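Reviewing the structure listed below.
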Amino acid sequence: GAGVSQSPSNKVTEKGKDVELRCDPISGHTALYWYRQSLGQGLEFLIYFQGNSAPDKSGLPSDRFSAERTGGSVSTLTIQRTQQEDSAVYLCASSLDSRYQPQHFGDGTRLSIL
Amino acid sequence: GNSVTQMEGPVTLSEEAFLTINCTYTATGYPSLFWYVQYPGEGLQLLLKATKADDKGSNKGFEATYRKETTSFHLEKGSVQVSDSAVYFCALRRAGDDKIIFGKGTRLHILP
């Protein structure tokens with residue numbers, strides 16, 4: 001497929017468990033973004049990767065959230081000791097480079113914390 | 001700070017009606033402005049954009065004009081279709097920045 005791929009599409013887990021969300025960007029896209037869409041809220045920026053530069057983590061809501069991007073391609077967003085307020089749709093986007101290029105979004109992972 | 005405010009939904013219209021979804025922004029400098037659309041069950045898609053004052057973005061019959069004087073980027077369509085039912089997000093990206101700041105989204109229902 002040519003688009004941004006995210007997995008799983010749905011994840012239900014118990015409070016306190018750790019979860020990993022995966023994002024496969026479009027091939028050749030050097031910029032990768034994670035966003036969160038909570039019920040009743042707008043989209044919230046979480047973290048941004050650009051090539052080999054240090055990621056911009058300014059949007060991560062707490063130290064329970066972390067993300068990595070291996071080999072400049074696939075990215076994993078990890079949430080440790082999940083809380084109910086972490087329930088949201090987590091969206092990944094990629095772009096050809098970081099400036100003036102449209103971001104292409106995946107379909108998201110719907111995370112539900114019981 | 002930088003922010004985007006758009007009209008709350010849901011907005012319900014009949015097919016062929018005229019659509020306006022209001023969006024205003026607060027930002028330093030000269031941001032780029034965007035409308036994204038999320039159709040049911042799908043991810044976000046870029047609908048249109050404008051990068052400087054007085055630019056008009058257009059796509060699929062939708063238009064929005066970058067109004068610096070009123071800090072607005074209202075989305076309009078002359079005749080909506082049932083297939084336009086979706087959630088629409090207004091967004092900005094500051095000059096020299098890479099993050100996009102989104103509004104809360106407006107859900108649009110078009111009745112046949």
Side-chain angles (χ1 to χ4, degrees), chain A residues 1-10 21 23-26 29-51 53-60 67 88-110, chain B residues 1-10 21-27 29-52 55 57-60 64 73 86-107:
Chain A
V4 176
S5 177
Q6 292 187 242
S7 61
S9 54
N10 285 283
L21 311 179
C23 173
D24 276 288
I26 293 172
H29 281 194
T30 60
L32 187 147
Y33 308 76
W34 282 99
Y35 297 88
R36 178 169 69 175
Q37 186 177 2
S38 301
L39 186 65
Q41 303 295 319
L43 283 170
E44 175 188 12
F45 166 80
L46 296 178
I47 188 169
Y48 156 64
F49 296 89
Q50 171 56 46
S53 302
D56 176 355
K57 304 179 181 180
S58 59
L60 294 178
V89 175
Y90 289 82
L91 287 164
C92 176
S94 70
S95 66
L96 194 57
D97 62 37
S98 62
R99 304 290 166 94
Y100 311 115
Q101 298 295 327
Q103 296 183 18
H104 300 261
F105 286 80
D107 289 342
T109 294
R110 183 175 298 280
Chain B
N2 302 296
S3 65
V4 176
T5 302
Q6 58 183 109
M7 61 191 296
E8 292 187 15
I21 301 179
N22 289 338
C23 171
T24 57
Y25 67 90
T26 302
Y30 296 89
S32 295
L33 302 175
F34 306 84
W35 277 98
Y36 281 84
V37 58
Q38 187 172 18
Y39 295 105
E42 299 183 14
L44 281 177
Q45 303 174 27
L46 178 65
L47 179 61
L48 53 84
K49 68 177 181 180
T51 57
K52 62 182 187 295
D55 268 2
S58 61
N59 185 25
K60 299 182 179 181
F73 193 55
V87 181
Y88 292 82
F89 291 89
C90 186
L92 71 83
R93 181 176 61 203
R94 287 187 312 171
D97 200 350
D98 299 304
K99 293 174 289 193
I100 291 184
I101 298 169
F102 290 88
K104 290 188 176 183
T106 302
R107 185 172 298 277

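Note that the structure is predicted; figures quoted are calculated from it, not measured. So you know, we letter chains A, B, ... as the sequences are listed, proteins then strands, and number each from 1.
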**Report entry** Engaged part of Gln6(B) at the chain A interface, taking heavy atoms whose separation is under 4.5 Å
**Finding:** neither
Query - Gln37(A), part contacting chain B, at a heavy-atom distance under 4.5 Å - result: side chain
Requested in this report: Counting only heavy atoms closer than 4.5 Å, note whether Ser9(A) contacts chain B via side chain, backbone, both or neither.
Outcome: neither
Report task. Mind checking the CD1-OG spacing from Ile100(B) to Ser95(A)? Nearest 0.5 Å is all I need. Result -> 8.5 Å
Report task. Please state whether the side chain, the backbone, both or neither of Phe34(B) comes within less than 4.5 Å of a heavy atom of chain A. Result -> neither
Query raised in the report: Checking Leu43(A) against chain B: side chain, backbone, both or neither under 4.5 Å from a heavy atom?
Result: both
Query raised in the report: Could you state the interatomic distance from CZ (Phe102(B)) to CG (Leu91(A)), rounded to the nearest 0.5 Å?
Result: 8.5 Å
